[in-house]
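Quick notes on the structure that follows.
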2 protein chains.
Amino acid sequence: MSTTERPDSWAITSPRSDRVKRIAALSGRSARRKQGRFRVEGPQAVRSLLQHSAPLVRELYVTADGATAHPDILELADAHAIRPRDVDPSILRAMTRGEEDGAAASMAAPQGVLAVADLPSASLHAVLDTLPDGPLTALVLHGVQDPGNAGTLIRAADASGARAVLATTGTVDLYSPKVVRSATGSLFHLPVVAGIAPEDLSPALHDAGISVLATSGYADHDLFTTELPTRGAWIMGNEAHGLPQEMLDTADLAVRIPLAGDAESLNVAIAATVCLFETLRRR
Amino acid sequence: MSTTERPDSWAITSPRSDRVKRIAALSGRSARRKQGRFRVEGPQAVRSLLQHSAPLVRELYVTADGATAHPDILELADAHAIRPRDVDPSILRAMTRGEEDGAAASMAAPQGVLAVADLPSASLHAVLDTLPDGPLTALVLHGVQDPGNAGTLIRAADASGARAVLATTGTVDLYSPKVVRSATGSLFHLPVVAGIAPEDLSPALHDAGISVLATSGYADHDLFTTELPTRGAWIMGNEAHGLPQEMLDTADLAVRIPLAGDAESLNVAIAATVCLFETLRRR
């Protein structure tokens, strides 16, 4: 008799089972790399995953309440021949243990739906090759560290019509549960490439006919009055330190966001929002 | 011999002293109400407090490293006849224990500077009376629950030149350590009124000649193409539920933020930023 765990036939009854432990371990970056997978929690993110990136889905867990509340998710899964597994809420909670911090764990109510998916592996060049001709906006994260900020940035990029999100090495892992949660589905709406070597970024963007756009408190050009290129990628830097000079030097255009009040600086998500929606407004 | 703690002469050597416990308790809303005070952590927020609201300051604690790194804070304190007290970093850490959640506690390195201040008590009418004539923007938080969002909203309002931030009952306490931290000083740059009864809001704004502006995904008017009143207050609602219909009904103008991508909705801080900076751009 084999003790091998067979995905669709064994009920998961113990929160201490190997499967639950393996999924809980996906809270950590090293486990995500080792397993090549990440965890997607909650109906909104899982729905978006099924709609836009169903081939990545490896496992889908739904509680009885989750199934009642979200029949559309079961239909989507069925359309992609993905078989959801019934689990008790206590099992789902155990699968989201092991968060990087206490707050996330307490916030992380997966609301009856959880998926495990393959980490996407698209390369920068592959994604840039698929972008359409004509006016286009992209967002680049260069050293953004806070998972909540990263998720909000991805969501703002999506809402403003950006066509890709790129992240250099040194940026928070975009597949951490906290980023996936704060991006609320936008992570699967548009192409995302992580782990780009900073020195590769500008040459690749220029090859694709995309200008590199940066913000700086010291820039001469005012965002609201400067002509913007029709194809541009906004680069946003670290929360505390902003963009390093060597990255600013590669920018084709640096603009200053007008600050009217006494605030000394802008939160990176706020700065990106102002730039992304001003670009959208001009279209 | 009295055992009364005298502020300027007794060294604080025990992290379990009553004074430390009293300051740590300010992590909780009920202790803040009971004591009538709140805690301000870190050089940026304390500097802003001293610059803009020095009369509120009751206690100021600085470590040796904090004093070396921020001589300007000691000068500001001196200018306002506030006597800082030397403390060991372990005492400062103990003063920030008792956070509402684990993440905040671990993030909350007060960086050598901490103040205790009186809770401001300005009334809505008093603040509205001090506002200048002419073009003016204000921000209203109606049921925003996440402290990080509230802080970011206050910071965005400040940066966009808003002249006041108002919060109705049912909004997160703006004087919780997490809000104070995420607002990074903007909480003291501009007048803030909390605890406003929702039904008092629109009449008071109208009396001050300020239009009530709301966002709604179902509004007919597009933010980018609609004429905005010269004096307006943007009302932002709860993260999950948005603005309740009865509040939308009191709005003089509801606009839709154009969404270009597949995103279903905007984070409240992102939505507010788009509205506030579009208002600034038109000025």
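Order of the sequence lines fixes the chain letters, A, B, ..., with proteins taken first and strands second; residue numbering starts at 1 for each chain. Computed from a prediction, not measured in an experiment: that's the story for all the values here. Only this structure's heavy atoms are used, side chains among them; waters, hydrogens and symmetry mates stay out.
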Is the closest side-chain heavy-atom distance between A:Phe277 and B:Leu266 below 4.5 Å?
yes

With a 4.5 angstrom heavy-atom cut-off, is it the side chain or the backbone of B:Leu276 that approaches chain A, or both, or neither?
neither

Correct closest heavy-atom pair for A:Pro258 and B:Leu280 would be O-CD2, 3.7 Å

To the nearest 0.5 angstrom, please state how far the CZ atom of B:Arg281 sits from the CZ atom of A:Arg281.
3.0 Å

Is it true that, when you exclude B:Arg163 itself, more than 12 heavy atoms of the residues, nucleotides or ligands shown sit nearer than 6.0 Å to its CZ?
no

Non-hydrogen atoms of chain A under 4.5 Å away: do they reach the side chain of B:Gln51, the backbone, both or neither?
neither

